[in-house]
Enquirer: 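For reference, the structure I am asking about is given below.
Only this structure's heavy atoms are used, side chains among them; waters, hydrogens and symmetry mates stay out. Numbering of ligands and ligand atoms starts at 1, following listing order.
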Amino acid sequence: LRLILLGFGVVGQSFVKLLLSHSTDLYNDYGIKPKVVACADHKGIVSCNPGLDLDRLLNVKKKKRSVIQYGSNTDTSGIFDVIENTDAEVVIELTPTNITNGEPGKTHIIAAMKSGKNVITVNKGPLALEFPSLMELAEYNRIAFKFSGTVGGGTPILEFAKRCLRGDRIISFEGILNGTTNYILSKMYEGLNFTQALRDASEKGYAEKDSTLDIDGYDAVAKLVIASNLVMNMKSTMSDVVRTGIRDVQPTRVMNERKKGNAIKLIASCDGKNLVVKPKPVSIKDPICVDGILNAVTFTCQHSGQQTIIGKGAGGMETASSILRDLIDIRNMIRS
Ligand SMILES: NC(=O)c1ccc[n+]([C@@H]2O[C@H](COP(=O)([O-])OP(=O)(O)OC[C@H]3O[C@@H](n4cnc5c(N)ncnc54)[C@H](OP(=O)(O)O)[C@@H]3O)[C@@H](O)[C@H]2O)c1
């Protein structure tokens, strides 16, 4: 399998480390011998037809800050030229999530699909904004489009719904889709106010400098849109979600609910018609009432009742494992 990596930050580098450490298992268990034939960061792209030396690629990125310093046997032509003209089966899109216009990920994904390459992404922006048209384009070009890490990071929330619950009818689902806000609300449950809890989350590296995406609920909205499209066949986009973030959650409300046996959680919910993200009380006995950076989603099914999946919603290695999962699926599809 020949791969093109677009984006070589936390997730991209973790994925390459995973390829290096799992190469024997991947070959023995799945018959996969992936080669990274091109890799881009925001400064440019390097490509090498026989495959890049992955240890060297990681070293160059660490020491020289950009993959374009990789060496003399590389081609630093434009990213779209490489997407279109490089012999590869899979483009893996790992640039930053942009929920305003989906770029640069959206254009990368479209270019890859149009050139007949399978696509894996963990970038939420393009899907949250244009899910139906991207699925249509993938189908039109007869390529596989996989994005299991966009919701839940390494925790296979989408796969759980689509594969494990197939045959049943999912009536609704709700849960915690953002680990940063869950960490903050967990700290508020322990007695911190919002500002203290946000500072603690930043110090631990769970909150970005600009934490608006998490705090105001946009990240959860993007994931809810992706899940509702895939799991409930809705044709929704970001503007269809009624959104309230956690900025105005008061310590008194958290403590009053705590006395009643509840915790305030940022809950994303979908009943097939309505999409809502808002902080609300959840019984501490409810399986979705998880602490810290965990994510948890309960699917309510017509026959099998309620099923809950819990796990870490982010992290470089965790998310990289979702890419490997998608890659194995693509390999199986190519084979069959
Ligand atoms: N980190 C997680 O736990 C996690 C979990 C789930 C999903 N995700 C999603 O995964 C994606 C990657 O996350 P990350 O944490 O790896 O982000 P990151 O560390 O910021 O890495 C982003 C990478 O994209 C590169 N890039 C930016 N603009 C580019 C452009 N125009 N062309 C080519 N490359 C470009 C950056 O280049 P430079 O290195 O030169 O800056 C960097 O290598 C995001 O969409 C994120 O939402 C992340």
Enquirer: If the threshold is 4.0 Å, N to carboxylate O, is there a salt bridge linking Asp248 and Arg253?
Expert: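 Looking at Asp248 and Arg253, the cut-off is not met.
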Enquirer: Who pairs with Ser115 by side-chain contact (heavy atoms from CB on, under 4.5 Å), at least two apart in sequence or on another chain?
Expert: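 If we apply the side-chain contact (heavy atoms from CB on, under 4.5 Å) test to Ser115, skipping adjacent residues, the hits are Ile83, Glu84, Lys117.
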Enquirer: Salt bridge check, Glu89 against Lys35: does any charged N sit closer than 4.0 Å to a carboxylate O?
Expert: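 Looking at Lys35 and Glu89, the cut-off is not met.
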Enquirer: Under 6.0 Å between ring centres: does that hold for Phe147 and Phe131?
Expert: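 Yes, the ring centres sit under 6.0 Å apart.
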Enquirer: A quick test of your reading: do over 12 heavy atoms of other residues, nucleotides or ligands sit less than 6.0 Å from CD of Glu103?
Expert: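 Above 12, so yes.
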Enquirer: Once the angle between the rings of Phe299 and Phe173 is folded into 0 to 90°, is it parallel (under 30°), tilted (30 to 60°) or perpendicular (over 60°)?
Expert: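 Aromatic pair Phe299/Phe173 classed tilted.
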Enquirer: Is there any protein N/O under 3.5 Å from an N/O of ligand 1, and what does the full list of such pairs look like?
Expert:
from, atom 1, to, atom 2, distance (Å)
ligand 1, 3 (O), Gly315, N, 2.7
ligand 1, 16 (O), Val10, N, 3.1
ligand 1, 16 (O), Val11, N, 2.8
ligand 1, 19 (O), Val10, N, 2.9
ligand 1, 34 (N), Asp41, O, 3.4
ligand 1, 37 (O), His42, N, 3.0
ligand 1, 39 (O), Lys61, NZ, 2.7
ligand 1, 40 (O), His42, N, 3.2
ligand 1, 40 (O), His42, ND1, 2.5
ligand 1, 40 (O), Lys61, NZ, 3.4
ligand 1, 41 (O), His42, ND1, 3.2
ligand 1, 43 (O), Phe8, N, 2.8
ligand 1, 43 (O), Phe8, O, 3.4
ligand 1, 43 (O), Gly9, N, 3.0
ligand 1, 45 (O), Thr95, O, 2.7
ligand 1, 45 (O), Thr97, N, 3.1
ligand 1, 45 (O), Thr97, OG1, 2.8
ligand 1, 47 (O), Thr97, OG1, 2.7
ligand 1, 47 (O), Lys124, NZ, 3.4

